[in-house]
Amino acid sequence: LKKMENWPIEKIHEFQYEKLKKILEHAYKNVPFYKELWDKHKVKPSDVKSLKDLEKLPIITKDDILKNYSKIFAINKNYKNNMYRDSSGTSGKPIKFYHDEESIGANWAGDKYFKEIIGYEMGKDVVLHIPVVNEQMYLLPESHIIFNNYYPVTKQVSFKPDIMGDNVFEGYLKYIKKFNIKHIEGFPSSHFAFVKYLKKKKKKIRIKSILSHSEVLYDSQKKFIEKYFGCKVFNRYASSECTIRAYKCHEHKGMHISPQGIAEVKGKGFEGKGELVMTSLVNYLFPLIRYSIKDIVTITQKKCSCGRTYPRIMNVEGRS
């Protein structure tokens with residue numbers, strides 16, 4: 001990722017296309033769902049001769065996965081010893097999305113790369129999560145959270161998502177002081193509620209960075225949080241499926257998309273506003289190819305003023 005961050009966009013596309021060819025061939029040969037679906041639509045991996053040709057393949061949704069769950073797993077892979085992430089269920093029935101080593105490695109690398117840009121190092125700096133949602137893939141399932149919410153392996157302080165209120169906020173403060181925590185990750189609504197509590201109690205703390213994810217970050221929330229903590233709020237786009245990952249840099253002009261996944265706008269290609277369609281280039285165990293969770297976004301291929309050439313999600317409006 002560090003080597004690629006200044007590549008011309010054409011070179012990034014070449015890199016992605018080479019990875020795309022391999023995963024399409026693998027899916028057609030080893031994943032019964034895609035073999036049946038693509039045969040039904042009379043399309044084969046060999047028909048995809050460029051990234052633009054991705055649009056020849058049908059778009060799939062969570063409903064398709066639910067109806068064909070057992071057929072999504074690659075028959076030449078063993079999924080029983082691999083990690084998974086639970087979907088939140090906000091768009092319907094929750095699902096476990098499984099990941100092989102390559103997928104987990106790519107996601108950890110993406111998080112590490114982008115968080116170092118923000119200003120902290122995974123596994124070194126203590127981070128407060130408010131809240132954490134059964135992150136089995138990130139070594140943070142509730143069963144692993146020990147030492148009263150502190151998990152020493154990953155240097156993270158985490159709280160369950162279904163608990164909010166003054167007592168919990170006091171717990172946040174306790175750990176912030178104990179570990180001199182300067183970085184907080186979590187839902188915008190959680191950050192907002194915590195800051196409202198601090199303001200009500202007239203307690204002031206200084207944080208170096210706030211990372212927001214999983215919900216739409218509204219401008220009014222962002223300004224309120226930044227003013228009180230005296231730092232910038234960085235936004236992240238990701239989902240339980242881990243198909244793509246995108247983070248804001250210090251320019252705060254959209255979220256850079258890791259090249260380990262492809263982001264399209266339905267019916268418009270790789271730029272414009274509309275329904276986000278995602279393809280993972282690394283998960284051979286449980287491939288998601290042209291997958292939509294109905295999020296409405298705006299994407300640009302233009303180079304960011306920070307110098308990085310990765311495509312960017314300029315904004316996320318919510319879910320259709």
Side-chain angles (χ1 to χ4, degrees), residues 88 90 111-112 114-135 138-238 245-253 255 315-316 318:
S88 62
T90 53
D111 283 346
K112 181 174 174 60
F114 287 115
K115 287 175 182 178
E116 285 180 6
I117 291 171
I118 292 171
Y120 66 96
E121 188 173 340
M122 290 171 62
K124 180 179 179 182
D125 296 309
V126 180
V127 179
L128 171 66
H129 287 265
I130 54 172
V132 63
V133 184
N134 199 23
E135 300 269 21
Y138 287 85
L139 308 179
L140 283 172
E142 291 173 9
S143 60
H144 286 192
I145 297 173
I146 55 177
F147 300 112
N148 296 320
N149 301 96
Y150 174 59
Y151 191 43
V153 174
T154 53
K155 297 281 198 309
Q156 293 170 94
V157 175
S158 305
F159 289 80
K160 293 182 180 181
D162 54 344
I163 301 174
M164 293 285 279
D166 289 6
N167 289 339
V168 177
F169 295 146
E170 281 296 326
Y172 295 173
L173 277 173
K174 169 190 167 183
Y175 283 103
I176 287 171
K177 292 174 182 176
K178 181 177 180 179
F179 294 107
N180 192 28
I181 293 174
K182 297 297 181 185
H183 307 282
I184 301 177
E185 296 183 16
F187 301 171
S189 56
S190 302
H191 297 317
F192 187 67
F194 183 38
V195 173
K196 284 176 71 177
Y197 166 79
L198 292 172
K199 192 171 183 180
K200 180 179 71 174
K201 295 293 184 178
K202 297 181 180 178
K203 296 183 178 183
K204 198 73 176 177
I205 59 174
R206 285 298 175 191
I207 299 296
K208 289 183 178 179
S209 73
I210 302 288
L211 181 60
S212 164
H213 57 75
S214 302
E215 300 170 345
V216 173
L217 173 66
Y218 295 104
D219 194 49
S220 57
Q221 291 176 317
K222 181 175 179 290
K223 289 177 181 177
F224 185 72
I225 295 165
E226 287 181 340
K227 183 177 180 181
Y228 202 83
F229 279 134
C231 70
K232 289 292 185 181
V233 175
F234 292 87
N235 215 5
R236 180 187 81 183
Y237 182 88
R245 304 189 87 64
Y247 282 79
K248 278 191 174 180
C249 65
H250 286 91
E251 294 295 320
H252 293 272
K253 296 176 181 177
M255 294 174 279
N315 72 305
V316 181

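Just the heavy atoms: all of them, side chains too, but no hydrogens, waters or symmetry mates, feed the values below.
Residue K112 qualifies as enclosed at atom NZ: its count of foreign heavy atoms under 6.0 Å is above 12. The number of heavy atoms from other shown groups lying within 6.0 Å of NZ (K232) does not exceed 12. Sparse packing is recorded around CG of N167, with 12 or fewer heavy atoms of other residues, nucleotides or ligands lying under 6.0 Å away.
By the salt bridge (Lys or Arg N to Asp or Glu O under 4.0 Å) test, K204 is found to be paired with no residue, residues two or more places apart in sequence or in another chain being considered. Not counting sequence neighbours, the partners of Y247 by the ring-ring contact (aromatic ring centres under 6.0 Å, His included) test are F114. Taking K223 as the reference, D219 meet the salt bridge (Lys or Arg N to Asp or Glu O under 4.0 Å) condition, with sequence neighbours excluded.
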Requested in this report: Determine, stepwise, if the pair K115 / L211 fulfils side chain to side chain contact (heavy atoms under 4.5 Å, CB included).
Outcome: CA-CA 9 Å; K115 287 175 182 178; L211 181 60; 3.9 Å; yes

**Report entry** Worked verdict on Y228 versus F194 for side chain to side chain contact (heavy atoms under 4.5 Å, CB included)
**Finding:** CA-CA 11 Å; Y228 202 83; F194 183 38; over 6 Å; no

Query raised in the report: Checking side chain to side chain contact (heavy atoms under 4.5 Å, CB included) for the pair R206/F229: CA distance, chi angles, key distance, verdict?
Result: CA-CA 5 Å; R206 285 298 175 191; F229 279 134; 5.6 Å; no

Report task. Begin with the C-alpha distance, continue with both residues' side-chain angles, and end with the deciding distance and a verdict on ring-ring contact (aromatic ring centres under 6.0 Å, His included) for F192 and Y218. Result -> CA-CA 10 Å; F192 187 67; Y218 295 104; 9.9 Å; no

Query - Full working for side chain to side chain contact (heavy atoms under 4.5 Å, CB included) between F169 and K203 - result: CA-CA 11 Å; F169 295 146; K203 296 183 178 183; over 6 Å; no

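Nearest heavy atoms, P188 versus Q221: CB-OE1, 3.6 Å. Considering every non-hydrogen atom in both H191 and I184, the closest pair reads CE1-CG2, 3.6 Å. For the residue pair K248 and I118, the shortest heavy atom distance occurs at O-CG1, 4.2 Å.
For the atom pair NZ (K155) and OH (Y150), the distance works out to 5.0 Å, reported to the nearest 0.5 Å. Atom CZ of F224 and atom NZ of K196 lie 7.0 Å apart (nearest 0.5 Å). If you take CZ on F234 and NE2 on H252, they are separated by 4.0 Å, rounding to the nearest 0.5 Å. Rounded to the nearest 0.5 Å, atoms CD (E116) and CE (M122) are 9.5 Å apart. Between the CD1 atom in I205 and the CD1 atom in I176 there is a gap of 3.5 Å [rounded to 0.5 Å]. From L128, atom CG reaches atom OG of S158 across 8.0 Å, with rounding to the nearest 0.5 Å.
Listed for the E226 side chain is a donor-acceptor partner under 3.5 Å among the backbone atoms of V233. For the pair R245 (side chain) and Y237 (backbone), a donor-acceptor distance under 3.5 Å is absent.
Salt bridge D125/K208: absent, no basic N to carboxylate O contact under 4.0 Å.
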